[in-house]
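Bear in mind that the values here come from a model prediction, so they are computed numbers and not experimental data. Numbers restart at 1 for each chain; the letters A, B, ... are given by sequence-line order, proteins then strands.
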Number of protein chains: 2
Amino acid sequence: MPKVTEAHRAARREEIIDAAVRCVLRDGYRGVSIASVIQESGLSAGAIYGHFVNKQELLVAVAERVLDGRVADLAAAQRRNGPLSPGELLVALIDGLRHEDVSAAIPQVWAEAAFDDDVRAVAERIFGRVRGILRTELVAWATASPGRVDGDAEEWADLVTPVVLAAVPGFLVQRAILRNFDEAAYLRALPVAYRR
Amino acid sequence: MPKVTEAHRAARREEIIDAAVRCVLRDGYRGVSIASVIQESGLSAGAIYGHFVNKQELLVAVAERVLDGRVADLAAAQRRNGPLSPGELLVALIDGLRHEDVSAAIPQVWAEAAFDDDVRAVAERIFGRVRGILRTELVAWATASPGRVDGDAEEWADLVTPVVLAAVPGFLVQRAILRNFDEAAYLRALPVAYRR
DNA sequence: GTCTATAATAGGATAGAC
DNA sequence: GTCTATCCTATTATAGAC
């Protein structure tokens, strides 16, 4: 079978996901209706159900789209010279986040994860990858200069990584809730709070 | 008019909110239907609409119920002797949180805040109170022993408070997403990560 | 104030033509 | 593969009896 057809099919699928993401940004994750996706995509019910067995499967694909891509920012930061401090790592990660429109939908996906186990699995997987990269960098940073950390660098990193990672939900939640949240100040504060 | 009637009326209202909170914990914020609240409360549609003009107003009351109460933990910690370190403050706050069932619904409310401005206002108000207490304590801690902080204690606290506060969403989100999230380890990590 | 019954609508999903 | 039309269920909110 011709390769073009497969590619076109995949492209149409992505198109539908794109439209659904826009719906989530406008109406919230649970506020998305098939009718809204139809309108936003310019397609029809038949087209959508030809690519997704039901609404839930579409929304899981949306969750994946929304959460993914954050890994790239960290991987890029990783490639720089020398180990980065916890604060510097977080600046790289969050500064990447805040310029992506889809990031506004991330808290939506986290909330949904508590009730849809497929969404939860997607979130856990991507969260795990980010945490893994972060942990590696923290070990490198703790090892680079002795005395930075009490005890073993790996043990320290295992313990501290979840707390360091908390800066990400902290940023997104405060940005969503507080009318005049100062994003730039938050980024400046990261190296201060986590400098050691 | 008799005072008892007023009190009874208020009590019935709280009863309905209680039932709605249980619905949120079971079905998610947007998954709550009037039918589910009717079932959970053992009341009827008429009873509910006699206390709330519509579903949205009920859900705003639910948001308030879910978010409030966190301030008490911090205020209690505040009363202890001597200024607490950032890590110790967070342990008090989060350890209080994790033993309350309703805390599982907090990420739901944060997600909803992006789309319902009344909910957002509730979240902003309560977040603001917690942040205010935290800031006061951080200033006291920074002032207590010189050299802990570069520059002015108040300026430092203003900058750092939002990042310290991030540990709360960080905890709740990771607990919701990660299948084997180690709550106790997170609490142990707080003083390590924020000790200075 | 609260109940039962119901109106009015919205939303998910399918059928069949093309 | 996609479109139009439609079925069916779920849901919000109201009306009127008690």
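- Applying the side-chain hydrogen bond (donor to acceptor under 3.5 Å, both in side chains) rule to B:D18 yields the partners B:R65; only residues at least two apart in sequence or on another chain are considered.
- Judged as a side-chain hydrogen bond (donor to acceptor under 3.5 Å, both in side chains), the pairs with a partner in residues 124-133 of chain B (not counting sequence neighbours) are, in order, B:E64-B:R125, B:R120-B:E124.
- Here D:dA10 presents its P atom at 14 Å from CG of B:D27, a figure rounded to the nearest Å.
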Nucleotides 1-17 of chain C: protein proximity per nucleotide (B base, S sugar-phosphate only, - neither; heavy atom, under 4.0 Å): SSBB-------SBB---

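- One atom, CZ of B:F52, and another, P of D:dT14, lie 15 Å apart when rounded to the nearest Å.
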Give the table of side-chain donor-acceptor pairs shorter than 3.5 Å for residues 167-174 of chain B, with sequence neighbours excluded, one pair per line with atom names and distance.
unit_1, atom_1, unit_2, atom_2, d
B:Q174, NE2, A:P162, O, 2.9
B:Q174, NE2, B:G170, O, 3.3

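- Residues forming a side-chain hydrogen bond (donor to acceptor under 3.5 Å, both in side chains) with B:E154 (at least two apart in sequence, or on another chain): B:R135.
- Looking at residues two or more places apart in sequence or on another chain, you find a side-chain hydrogen bond (donor to acceptor under 3.5 Å, both in side chains) between A:E112 and A:R30.
- Here the P atom of nucleotide D:dT11 and the CG atom of B:L58 are 15 Å apart, to the nearest Å.
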